[in-house]
2 protein chains.
Amino acid sequence: MSNKNIGIKDVAVAAGVSVTTVSHVLNEVSYARISRETRDKVRTAAEALGYGPNRLAQALRTQRTGMLGLVSEEIATTPHAGRIILGADEAAKARGYNLMIINTPGSASLESRQADVQALLERRVDGILYATMYHRNVELPDNLGNVPSVLVDSVAIGGNITAVVPDEDGGARAAVGALLDAGHTRVGFINNTDDVPATRQRLQAFRAMLTEAGLDGEAAPVESEVSEVQGGYEAAKRILSRGDRAEIPTALFCYNDRMAMGAYRAAAELGLSIPADLSVVGFDDQELIAANLYPGLTTVALPHYEMGAWATEHLIDAIEGKEDLSLMALHPTILGCPLVRRDSVAAPR
Amino acid sequence: MSNKNIGIKDVAVAAGVSVTTVSHVLNEVSYARISRETRDKVRTAAEALGYGPNRLAQALRTQRTGMLGLVSEEIATTPHAGRIILGADEAAKARGYNLMIINTPGSASLESRQADVQALLERRVDGILYATMYHRNVELPDNLGNVPSVLVDSVAIGGNITAVVPDEDGGARAAVGALLDAGHTRVGFINNTDDVPATRQRLQAFRAMLTEAGLDGEAAPVESEVSEVQGGYEAAKRILSRGDRAEIPTALFCYNDRMAMGAYRAAAELGLSIPADLSVVGFDDQELIAANLYPGLTTVALPHYEMGAWATEHLIDAIEGKEDLSLMALHPTILGCPLVRRDSVAAPR
DNA sequence: GTGAAAGCGCTAACAT
DNA sequence: ATGTTAGCGCTTTCAC
């Protein structure tokens, strides 16, 4: 029975006051001078009638909807989307905003994505979050510029929009560091073949870490495959069977948890036990995989929740005039990728 | 530059006509009689100014927002949510609606969920989808009744609201049937310990199928554990090590894919090869697991996408007066759970 | 064939 | 300390 058709006017009548007064007390307008008793009368009447404000009317009048648009690429295919959405939803809710979500296939044309943004614009969202499901460079619909916006998990081709991305370099360093700290000196990298920032940055960090540890980073074995379980299996098989025994890596850094899952299988087939004979670290911290493999996979977590929340916080700050997004647009903000220790790393034999 | 501040009025001025006319042509109002040239003038002007309707104002006037609220339990923790959302989003988009999504922790109190619904109501959504992340009985906030609503993946305690749920019985039968068809006569069931409909219905279907096949359904081995990988491992270990060799099952039906994953490990430890020594079928079709295990897991797919889409379709039908939801409220609608064949089932040795 | 004007539910400037 | 009133941008009835 909460919001049938009762409006502010009905409350006014019931309380025997004007709509202004009702509006003032219900919105706790600071400069309003209203007696304690009137306030109570109004509140009681509103309560009794089950009054709830019509946010549409409010929005039309104030030019503020309190809605944030979230255009999300590939909501379904990756569990990452959920964490971004959750981070955004909780941050939004905490500040009195709600989320309008539009899914857009990763393959969607620029025009179709522009239409999605347009739909959000017509609903007068106060700002837009544009989230991609893996860290990459995107071409953005130009109507995104009509309203404060922030990019989540990508940077724009042509730059100039505030963005938040994971710290690929730091994450990769943490992963390789864990292996090095355990005493490994022969570590291999199973990389992705896609040309995305993560591929390049993780490789670079891998080599750099080894070199900084006094090892030959440039010579360290790297095998690339599609970033799926099967690819990880094949790459691991290759990397673990080459050259003579003394040169085979005792530790593997894998581009992601799925590839690590493939590496587990390769190890099993080769009679290598994890972590006794082979240490493995992944990337992504996909719960379903990392926590459920046996032994549990040590990996690096992608800050999806945090990126969603960060983006929302700053978007709202910008909307409320507390911050100037253009000041942050020069460089993407980088959020840490913490190491999640489980049981796949041990000292080499 | 799409929707700055240009309204219908600006278009009217630019085209040299009244706002009525603009509204008529832009909305293609059927009874409007407007000359071809006027129409063109209006369209050109609108285009030139980059006019986009203000949906808030439209909604205020027409009492229709074209927005659907989706309250989703546990958006992040399960990948299932994504598929429901996707199904809903695509169905909604196809009919010109958009989704407002609110996440609510599964543990949230009734009041807090009521507040979530309230937020949606204040924004005057035309209808509400209430989605839970696994099939169960929920206590619904009573303000849900203020607007057409449909329940996704649960049935309401106390009934009387249209709901759509998976066909647990049919899915379980398909799973067990696959095992039976392969020739197995000793099949075990690894069940969940939670008291949810799926637990009971799958068990019942399991026994029924065996009995109908002329086997002793009541005597078939069943082990229950928490429905995670570890639980599946333990239950499988027990079920595969009991009694004498000739009584050990040659096939396992697992409550879900995670438990099946545990069963894989148990089999490996016992030196049982899948599917040669042991056939396994799961439930859920969690891509990340089922498709990535080795060998690929034969399982039963939960129709999350379909439930999201079905619910949305019917919700919109109800909103548009094409259907009466109360007619469907008596019994939940049941959507099929198709068997997904991969490589974990073979004839017994 | 086209336009004037009322009103959706609310806020806020301006009375009083 | 409280009330009147003009819009926010649109649709729609009714008039011309």
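What you are looking at is a predicted structure, and each value in this text was computed from that prediction instead of being measured.
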Q. Salt-bridged, Arg95(B) to Glu320(B), with N to O below 4.0 Å?
A. yes
Q) Is it true that Arg136(B) and Glu73(B) make a salt bridge, defined as a side-chain N closer than 4.0 Å to a carboxylate O? A) yes
Q: Output all residues satisfying salt bridge (charged side-chain N to carboxylate O under 4.0 Å, His left out) with Arg39(A), sequence neighbours left out; order by chain, then residue number.
A: none
(Q) Over all strands shown, is Val17(B) touching base, sugar-phosphate only, or nothing at heavy-atom distances under 4.0 angstrom? (A) sugar-phosphate
Roughly, in whole Å, what's the span from [atom1] in [X] to [atom2] in [N]?
X         : N       : atom1 : atom2 : answer
Leu26(B)  : dT12(D) : CG    : P     : 14 Å
His24(B)  : dT12(D) : NE2   : C1'   : 7 Å
Arg33(B)  : dA15(D) : CZ    : P     : 17 Å
Arg123(A) : dG9(D)  : CZ    : P     : 18 Å

**Q.** Distance (rounded to the nearest 0.5 Å) between Ile34(A) CD1 and Thr21(A) OG1
**A.** 5.0 Å
Q. Taking OP1 and OP2 of dT2(C), is either one under 4.0 Å from a side-chain nitrogen or oxygen of Ser35(B)?
A. yes
Q | Per-nucleotide protein contact string for nucleotides 5-10 of chain C (B base, S sugar-phosphate only, - none; heavy atom under 4.0 Å) | A | BBBBBB
Q. Is the shortest heavy-atom distance from the side chain of Val25(B) to the side chain of Thr38(B) under 4.5 Å?
A. no
Q) Quick one: which of Leu121(B), Val117(B), Leu120(B) gives a side chain to side chain contact (heavy atoms under 4.5 Å, CB included) with Asn146(B)? A) Leu121(B)
Q. Which of the following nucleotides, dT12(D), dA1(D), dG3(D), is nearest to the side chain of Tyr31(B)?
A. dT12(D)
